[in-house]
Amino acid sequence: MVIVESPAKARTVGQILGSKYVVAASQGHVRDLPKSKLGVDVEQEFEPSYVVMKEKQKLLNTLKRAGDEAKEIYLATDPDREGEAISWHLLTAAQWQNRADQPKRVVFHEITKRAVEEAFQNPREIDMQLVNAQQARRILDRLVGYQVSPLLWRRVQRGTSAGRVQSAALRMVVDREEEIKAFVPVESWTLEAQLFRDTDPVDKKHLFTGVLHSIKGGKGRLTIDKEGDARNYQDQLEDAAYAVSDVRKREVRQRPAAPFTTSTMQQEAGRKLRFTAQRTMAVAQQLYEGLAVGEKGQAGLITYMRTDSPRASAPAIDEAREYVAKRYGKDYLPEKARMYSTRAKNAQEAHEAIRPTSIGRTPDSLKAYLSKEQLDLYSLIWARMLASQMADARSESTTVDIDAACKGSSTVYLFRATGSVLIFAGFRTLYLESRDDDEDGEGRQALPALAKGDGLGCEQLESLQHFTQPPPKFTEATLIKMMEEKGIGRPSTYAPTIGTLTDRNYVEKERNRLTPTTLGVTVSKLLTEYFTDVMDLDFTAKMEE
DNA sequence: CAGTGAGCGAGCTTCCGCTTGACTT
């Protein structure tokens, strides 16, 4: 008998191993600390007392019976800290440690025939160091959560809660709100000239924008704080003579984004599809478990959706590259396969990236079988994976320096115009990651072909007022991104944690922006004052160490 | 004897991370 965590995974592994094996799923943890009391004896070396989870009792009985009948037992839970602990709990709860034939631990990071077979050729014992690390994590979370929360019931109101992850996330939202409130906008001005080549007709098509950059021969960029200064420059530049003094071009390459992890998928589905993190996960779960597609029956459409790894398996990369070559041609295929690695803190990389189980299953071919939500998310996952193995996009970026010689004085000002033209779309043909800030960025304009010495005309010169902007409020997407960066929470908890913050009435969501409530601010302030260590954003990172 | 109110004790809220399914709307 082989035990994995997820039923869908059990099906796939079962197909790989064949009929001599029974593959069953534990459906996550089967034992935990008791719900109604602390369950940790602080006086006795923090001894935990575990109980079988109520909803898992029947399942555990079934697993135990099947295991007792089996010739051999393989514990094939996920290859991470929690998975190791699940194996140990299964072994202990089913009392298999007394068997003549000890259960063996096997691990694989991808569900391919090769990886699974290799795992079964290299079984090992349960790694108690890893199990103990999990127990420490569990006990610590319980101590913080179950001892600090009651304090809030007494001091603030009943039903409130605190915890290592939720309180750190709450603090980020509260701190951000404070930054926004304390923000003092700083005024600045720019001078923008609408220019044209003096051999061109003066119409909208031939105009381009140059921005006052510096005084020729002076050092550093000109900064203009006040309207009066801007007007002064504008007066000096009245009827100035403009001419190109320098043209610089360089090629800019843009690389595709890595295949999805849970965090990046939640962010991107939030931005592009307006899904909440919870919605994204529910739909992804449906795609993972598979749907009746065509005549082949049930098929898992994507790999596992709770992962912190952007790495795709070698066969999946090969398949994507073949598809790119065939559909887009050789120009769109990088010479070597692209490899991606995680930047996230505390990543355990137990699973692959989130990708289609078969690139050949195009979104178009699934249209008839999927709901709109399923199809939208699948299309995103499919395109993201394929694009990750496509060639860079290449643009030519041009910087033009323009002399503006003032009439009636010897002063020459330097204007600068920047432009960018896409030369080769590469992966952008298929997929472009959206950004959190809406601004498209300057310098995207297409410039006319300019050369040193070209005379220019100025159609219009205007002074523009600007203010520095406060940091933006968090959205679900940006909060999840920040949590992952700081190593707060795990793929399985990003969405539920945001749920907790809203359930507790700590934050409110309005037009996708997260704002702390009075209650949220009160709780965060109180915790920060009295539990500085727990509220320290580095607490989790330090715990990992 | 019925109604009222003070006083006391028991039970409840709560964590994070792994998983799906039962249940409600």
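Naming: A, B, ... by sequence-line order, numbering from 1 per chain.
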Item to check | Atom of Glu110(A), atom of Pro315(A) and distance for their closest heavy-atom approach | outcome: OE2-CD, 4.4 Å

Next on the checklist: Atom NZ of residue position Lys56(A) - does it have more than 12 heavy atoms of other residues, nucleotides or ligands inside 6.0 Å?
Outcome noted: yes

Next on the checklist: Strictly distance-based, threshold 3.5 Å: is any side-chain N or O of Gln374(A) a donor or acceptor partner for the main-chain N or O of Ser371(A)?
Outcome noted: yes

Checklist outcome for this item: Stems with DNA chain B, 3 or more Watson-Crick or G-U pairs in a row (under 3.5 Å), are none

Item to check | Phosphate contact (dT19(B) OP1 or OP2) by Ser26(A) side-chain N/O below 4.0 Å | outcome: no

Item to check | Lys272(A) side, atom NZ; Arg384(A) side, atom CZ - distance, nearest 0.5 Å | outcome: 7.5 Å

Next on the checklist: I need the residues from residues 76-87 of chain A with at least one non-hydrogen atom less than 4.0 Å from DNA chain B; give them sorted by number, or say none.
Outcome noted: Asp78(A), Glu82(A)

N/O donor to acceptor pairs below 3.5 angstrom from side-chain atoms of residues 17-27 of chain A, sequence neighbours left out:
| from | atom 1 | to | atom 2 | distance (Å) |
| --- | --- | --- | --- | --- |
| Ser26(A) | OG | Gly28(A) | N | 3.3 |
| Ser26(A) | OG | Gly28(A) | O | 2.8 |

Next on the checklist: Please report whether the ring centroid of Tyr323(A) lies less than 6.0 Å from that of Trp382(A).
Outcome noted: yes

Expected rows: protein N/O vs nucleotides 12-16 of chain B N/O, under 3.5 Å:
| from | atom 1 | to | atom 2 | distance (Å) |
| --- | --- | --- | --- | --- |
| dC15(B) | OP1 | Ser161(A) | OG | 3.2 |
| dC15(B) | OP1 | Gln166(A) | NE2 | 2.7 |
| dC15(B) | OP1 | Arg504(A) | NH2 | 3.1 |
| dC15(B) | O2 | Arg138(A) | NH1 | 3.0 |
| dC15(B) | O2 | Arg142(A) | NE | 3.1 |
| dC15(B) | N3 | Arg138(A) | NH2 | 3.0 |
| dC15(B) | N3 | Arg142(A) | NE | 3.2 |
| dC15(B) | N3 | Arg142(A) | NH2 | 3.1 |
| dC15(B) | N4 | Arg142(A) | NH2 | 3.3 |
| dC16(B) | OP1 | Val165(A) | N | 3.0 |
| dC16(B) | OP1 | Gln166(A) | N | 2.9 |
| dC16(B) | OP2 | Gln166(A) | NE2 | 3.2 |
| dC16(B) | O4' | Asp141(A) | OD2 | 3.2 |
| dC16(B) | O3' | Arg164(A) | NH2 | 3.0 |
| dC16(B) | O2 | Arg137(A) | NH1 | 2.8 |

Item to check | B/S/- contact track for nucleotides 20-25 of chain B, protein heavy atom under 4.0 Å | outcome: S-----

Next on the checklist: Nearest 0.5 angstrom please: His351(A) NE2 to Thr261(A) OG1, how far?
Outcome noted: 12.5 Å

Donor-acceptor pairs are to be reported for all side-chain atoms of residues 525-532 of chain A against protein atoms at under 3.5 Å, with residues two or more places apart or in another chain.
| from | atom 1 | to | atom 2 | distance (Å) |
| --- | --- | --- | --- | --- |
| Lys525(A) | NZ | Glu178(A) | OE2 | 2.5 |
| Thr528(A) | OG1 | Ser524(A) | O | 2.5 |
| Thr532(A) | OG1 | Thr528(A) | O | 3.2 |

Next on the checklist: Surrounding CD of Glu179(A) (heavy atoms of other residues, nucleotides or ligands, distance under 6.0 Å), is the total greater than 12?
Outcome noted: yes

